[in-house]
Amino acid sequence: MKTRKELIDQALTSGTLPDLPQGHFIDGAFSAPAAGRSMESQDPGRAEAFAEFARGDAADVEAAVASARNAFEAVWRDTPAAERGRILSRAAALIRENAAGLAVVECLDSGKPIGEAEGDVQGAARAFEYYAGACDKLQGDTFPIGPDYLGYSQHEPVGVAAQIIPWNFPISTAARGIAPALAAGCAVVAKPAEQTPFTALRLAEILKNAGLPAGVCNVVTGTGAEVGAPLAAHPGVDHITFTGSVATGTAVMKAAAENVTRVVLELGGKSPVVVLDDCDRDQALDGVMGAIFENAGQICSAGSRLIVERGLHDGFVEELCRRAEKLTLGHGLRNPQLGPVNSAEQLTRVSGFIARARERGIEVATGGGETVDPETGKGWFFQPTIVGARDAGDELVQQEIFGPVLTVQTAEDAEHALTLANNSQYALVAGIYTGDFTRAHRLARRLDAGQVYINEYFAGGIEVPFGGNKKSGFGREKGLEGLLSYCRTKSVAARI
Ligand code: NAI
Ligand code: MG
């Protein structure tokens, strides 16, 4: 096996990697797409294609769902929980053994800095480890329905669980859905984003090598229209976990409704970071920088709205601008502090927000332009950008930009900060920076968000349930609650 350095050097010099997975992963093996078509994956750091992959369609979805159904009914749902746990546990170990290779592929596919990709791979291993340990603790209840009765419940696997995965966290999102689905006893059909197909395929192969029976985890690659839509509409799918845009999530939910299929929707946000006068200033500065510039701001839970108390505002925003201007930019494989955005479309989308803001007469505090990797003159980069909001209704405050753009609002006091924070169609996460513990928890109680971070943005891991309110979606992933998404309760009441 090549070392991390050898893999990175090879990818930097050749612009690609050998031995990338070819085809879909269906019924325990790689297979060519029914229609024989392929499409290209782009390296955002160079704005050039680096590999081809299978462009699937409804026929491939059909084969994958049939394989999953068969594996679910014939093998997986009756595999003892402890054995499921052993397989997931081996998968976690194999992910760690293959971490360098997975991270380099993820970096080329998504553009993100290699250090962040490595963190995502470790996170994926943790997801399998966490749910491996949960398999044999998934126990039901008993009900006191009287001396002449016996009442109990058990958690049954839902069946075939589809995973529709976005491009911003390909391996993390795949793992946080696939691991609990398998732990619960479900079979999976995963559809990675067409921008980032490779790590999901690798993950399916790793699961097979860990001992997962053929057909329990399938991956079909291709576009949303050609693979995602038929998968979401398939009557043989019992559950859909979707992560992505509100528009596509709504379409998925409508398609699911036709079959009365369960859905978990994770649809992004415009998450506020509330910074109060009494905070630890350096801790807050570090937190706000990471909240918006990690993964070039392409995070559903990015802290994209800074709400800072007036007394702190001026110096705080100036210091943020100084730090933003010093961030190193470059190809992900050189591990810069800021990588490219994922696609030309995404770059245009981000640029559009700033161009329209300038037309409205809004001044950008720092950044605001498209740029390139200074070393190669290539890539889809956007400068780290900080911009003051004029009013709470402005699109800079209300719309998910999904790029390295921080919008700043000023609050008169904590109460005002809370009002500003909750004024959003989204409610995914919220951050609070304050030195007053009581104040922090009082605010946490009243913030409309699926999760609240206090004094460390993105605190927590696979143990903590994650998901949104309002247009950020519903249902929770991660934690034990994430496992229950893949279960249905069966209650039994007997006269004895
Ligand atoms: P998208 O929501 O269209 O794509 C997400 C996934 O859904 C991909 O796998 C895609 O192939 C699939 N998909 C697309 N159309 C589908 C359909 N009709 N049925 C089933 N699956 C379908 O997001 P897109 O176009 O890549 O990005 C647009 C915007 O969405 C971004 O600018 C960002 O604001 C937001 N977004 C939010 C994410 C999050 O983490 N919540 C992740 C990705 C994008
Ligand atoms: Mg798309």
Side-chain angles (χ1 to χ4, degrees), residues 110 120 123-124 126-127 130-131 158 161-181 184 186 188-193 195-196 199-200 224 228-229 231-232 237 239-257 261-272 291 294-295 297-304 342 346 399-402 424-431 447-453 457-458 460-486:
S110 69
D120 294 354
R126 261 301 285 153
Y130 177 82
Y131 288 110
V158 173
Q163 303 286 330
I164 301 179
I165 300 163
W167 44 261
N168 56 335
F169 282 90
I171 194 167
S172 328
T173 312
R176 84 176 181 201
I178 293 172
C186 291
V188 168
V189 178
K191 183 242 166 292
Q195 296 85 350
T196 54
T199 45
L231 181 59
V237 167
H239 169 101
I240 303 169
T241 293
F242 172 84
T243 306
S245 62
V246 175
T248 305
T250 306
V252 164
M253 191 171 164
K254 282 184 183 159
T261 299
R262 308 153 50 127
V263 290
V264 167
L265 300 178
E266 205 271 85
L267 307 179
K270 188 74 184 181
S271 299
E294 200 177 295
N295 203 22
Q298 303 164 114
I299 308 185
C300 49
S301 52
S304 52
N342 176 261
Q346 198 55 28
Q399 298 300 318
E400 181 175 57
I401 297 175
F402 225 61
S424 174
Q425 60 177 329
Y426 293 110
L428 186 56
V429 316
L447 277 163
D448 192 352
Q451 45 279 303
V452 176
Y453 303 128
Y457 206 84
F458 298 133
I462 190 69
E463 305 85 348
V464 186
F466 181 86
N469 305 334
K470 295 176 163 169
K471 284 213 172 149
S472 292
F474 57 85
R476 294 293 179 261
E477 298 193 78
K478 311 208 290 189
L480 292 176
E481 209 175 324
L483 184 56
L484 293 178
S485 296
Y486 297 97

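Since this is a predicted model, take the numbers as computed values, not measurements.
Under the 3.5 Å distance criterion, the side-chain polar atoms of Tyr486 are left unmatched by any main-chain donor or acceptor of Ala161. Judged by distance alone, the side chain of Tyr426 and the main-chain N or O of Gln399 form no donor-acceptor pair under 3.5 Å. Using a distance-only test at 3.5 Å, with no hydrogens or angles considered, no donor-acceptor pair links the side chain of Gln298 to the main chain of Phe402. Side-chain atoms of Thr241 never come within 3.5 Å of backbone atoms of Val264 as a donor-acceptor pair (strictly under, hydrogens ignored). Proximity of a side-chain donor or acceptor of Ser472 to a complementary backbone N or O of Gly268 within less than 3.5 Å is detected.
Separating the SG atom in Cys186 from the CD atom in Gln163 is a distance of 9.5 Å, to the nearest 0.5 Å. Thr196 contributes atom OG1, which lies 11.0 Å from atom CD1 of Ile171 (distance to the nearest 0.5 angstrom). Atom OG of Ser424 sits about 9.0 Å away from atom CG of Asp448, to the nearest 0.5 Å. Taking CZ of Arg476 as the start and CG of Leu484 as the end, the distance is 13.5 Å to the nearest 0.5 Å. The OH atom of Tyr131 sits 8.5 Å away from the NZ atom of Lys478 when rounded to the nearest 0.5 Å. The structure places CG of Asn168 at 7.5 Å from CD1 of Ile299, a figure rounded to the nearest 0.5 Å.
Using a 4.0 Å cut-off between charged nitrogen and carboxylate oxygen, Glu266 and Arg176 count as a salt-bridge pair.
Contact of the Phe242 side chain with the Leu267 side chain is registered, since non-hydrogen atoms from C-beta on lie closer than 4.5 Å. Phe458 has its side chain within reach of Ser301: a pair of non-hydrogen atoms, C-beta onward, lies under 4.5 Å apart. A 4.5 Å side-chain heavy-atom check between Asp120 and Phe169 finds at least one atom pair inside the cut-off. For the pair Val252/Ile240, a side-chain contact is recorded, criterion being any heavy-atom separation below 4.5 Å from C-beta on. Contact check for Met253 versus Phe474: side-chain heavy atoms found under the 4.5 Å cut-off. Between His239 and Arg262, some side-chain heavy-atom pair lies under the 4.5 Å cut-off. With contacts defined as side-chain heavy-atom distances shorter than 4.5 Å, the pair Phe466/Val429 qualifies. Side-chain contact check for Gln451 versus Leu428: some heavy-atom pair is nearer than 4.5 Å.
Nearest heavy-atom pair, Val464 versus Gly460, reported as atom, atom and distance to 0.1 Å: CG2-CA, 4.0 Å.
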